[in-house]
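Below is one structure, written out as structure tokens, with a few remarks after it.
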Amino acid sequence: MTLARGLTAAALTLPLLTAAAPAVAEPAPARQAVDLPVVQAIETLPLEKENRAGYKRTKFKHWVDADKDGCNTRQEVLIEEATQEPEVGPRCSLTGGQWLSYYDAKTTDNPRSLDIDHMVPLAEAWDSGASQWDAKKRERYANDLGSARSLVAVTARENRQKADRDPADWWVPAASASCRYLSDWVATKVRWHLALDQAEKNALGERAAACPNTRVKTDIAH
């Protein structure tokens, strides 16, 4: 038998190789759910001093179009939170909808009058642990559509009144919103494992005393 060019007799004794199996994607991390009374949820959070050294808002890339559907994060929140569904036009322009800003219990049919508030502001997140994250995780945080609590459409006035202040320095003006805001704040910190400082923890504890039946329900972000 004549051997093919370049093929040695020794090579004929090697086992035949099968085609490589296709790579198997790593499974997504299992969702870790939290469901606790708000007082207990507060106690799960680390207590640390805040440190804003090195913070820049640009370190959190936000209002991206993660799913490439033409609507960025701001527009996705407006569509999701509308109490009356808007018509979505070219470039994700929104018309005909209605929204409730729960911070101050005001309604509007003008999406331009609303800001999208990061429940835990970007600067506060930085102070509380996000300074240690990489850029991709900070981007996920700034565009977190995985929890309805993380981003909320509110009147521009209230968003700017709140600015980057935590519950020791600012609270929602609508009494009807107090327990919801408490739960949303704590849930966001639990979801992203962000720390509390002492003044913030004290303020949350005082608010929790007035909300004995409030629970914190969220999934842990990765």
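- Judged purely by atom type and a 3.5 angstrom limit, R180 has no side-chain atom pairing as donor or acceptor with the backbone of S176.
- H118 pairs with exactly one of W185, W192, W63 by the ring pair (Phe, Tyr, Trp, His ring centres under 6.0 Å) rule, that one being W63.
- For the pair E76/D67, a side-chain contact is recorded, criterion being any heavy-atom separation below 4.5 Å from C-beta on.
- By the rule that hydrophobic residues join a cluster once side-chain heavy atoms approach within less than 4.5 Å of another member, L122 and L145 end up as members of separate clusters.
- In terms of modelled atom types and a separation under 3.5 Å, the side chain of N202 and the main chain of E206 share no donor-acceptor contact.
- D164 contributes no side-chain N or O that, together with a main-chain N or O of E124, makes up a donor-acceptor pair within less than 3.5 Å.
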D166 and E50: CA distance, side-chain angles, deciding distance, side chain to side chain contact (heavy atoms under 4.5 Å, CB included) verdict: CA-CA 11 Å; D166 72 21; E50 292 186 350; 3.6 Å; yes
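- F60 and W133 have their aromatic ring centers separated by at least 6.0 angstrom.
- Across all their heavy atoms, P167 and A203 have their closest contact at O-CB, 3.5 Å.
- In this structure, the side chains of H62 and I116 stay at 4.5 Å or more apart for every pair of heavy atoms.
- With respect to the salt-bridge test (charged N to carboxylate O, under 4.0 angstrom), the residues R191 and D144 qualify.
- Follow the hydrophobic side-chain contacts under 4.5 Å out from V186 and you reach I220 in the same cluster.
- Counting only distance, with no hydrogens or angles, the side chain of S178 and the backbone of A175 share no donor-acceptor pair below 3.5 Å.
- Linking ILVMFWY side-chain heavy atoms closer than 4.5 Å, directly or via other members, places L194 and V190 in a single hydrophobic cluster.
- Side chain of S101 to main chain of T155: a donor-acceptor pair is present (N/O by atom type, distance under 3.5 Å, no hydrogens or angles).
- Considering all non-hydrogen atoms of both residues, I42 and G205 come closest at CD1-N, 4.4 Å.
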Ignoring hydrogens and angles, write down the donor-acceptor pairs under 3.5 Å from the side chains of residues 77-94, residues two or more places apart or on other chains.
unit_1: E81; atom_1: OE1; unit_2: A153; atom_2: N; d: 2.9
unit_1: T83; atom_1: OG1; unit_2: Q98; atom_2: O; d: 3.0
unit_1: Q84; atom_1: NE2; unit_2: G96; atom_2: O; d: 3.0
unit_1: S93; atom_1: OG; unit_2: P90; atom_2: O; d: 3.2

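- Atom CD of E48 and atom OG of S128 lie 8.5 Å apart (nearest 0.5 Å).
- Distance alone, capped at 3.5 Å, is enough to place a donor-acceptor pair between the R149 side chain and the K217 backbone.
- In this structure a side-chain-to-backbone donor-acceptor pair under 3.5 Å is present from N143 to K61.
- Sorted by first and then second residue, the pairs that involve residues 193-204 and meet salt bridge (charged side-chain N to carboxylate O under 4.0 Å, His left out), not counting sequence neighbours, are E43-K201, K189-E200.
- Under the side chain to side chain contact (heavy atoms under 4.5 Å, CB included) criterion, D117 pairs with Y103, V152, V154, N159, K162, sequence neighbours left out.
- The neighbour count for R215 CZ, taken as heavy atoms of other residues, nucleotides or ligands under 6.0 Å away, is above 12.
- Contact record, T107 with L100: CG2-CD1, 3.8 Å, taken as the closest heavy-atom pair.
- Scanning all heavy atoms of the two residues, the minimum distance from T108 to S113 falls at OG1-OG, 3.1 Å.
- More than 12 heavy atoms of other residues, nucleotides or ligands sit less than 6.0 Å from atom NZ of K137.
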Applying side chain to side chain donor-acceptor pair (under 3.5 Å), run through Y102 and D184 and close with a yes or a no. CA-CA 12 Å; Y102 93 80; D184 287 354; 2.7 Å; yes
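- R138 and S131 get closest at one heavy-atom pair: NH1-O, 4.0 Å.
- Across all non-hydrogen atoms, the minimal contact from N51 to W126 is O-CD1, 3.8 Å.
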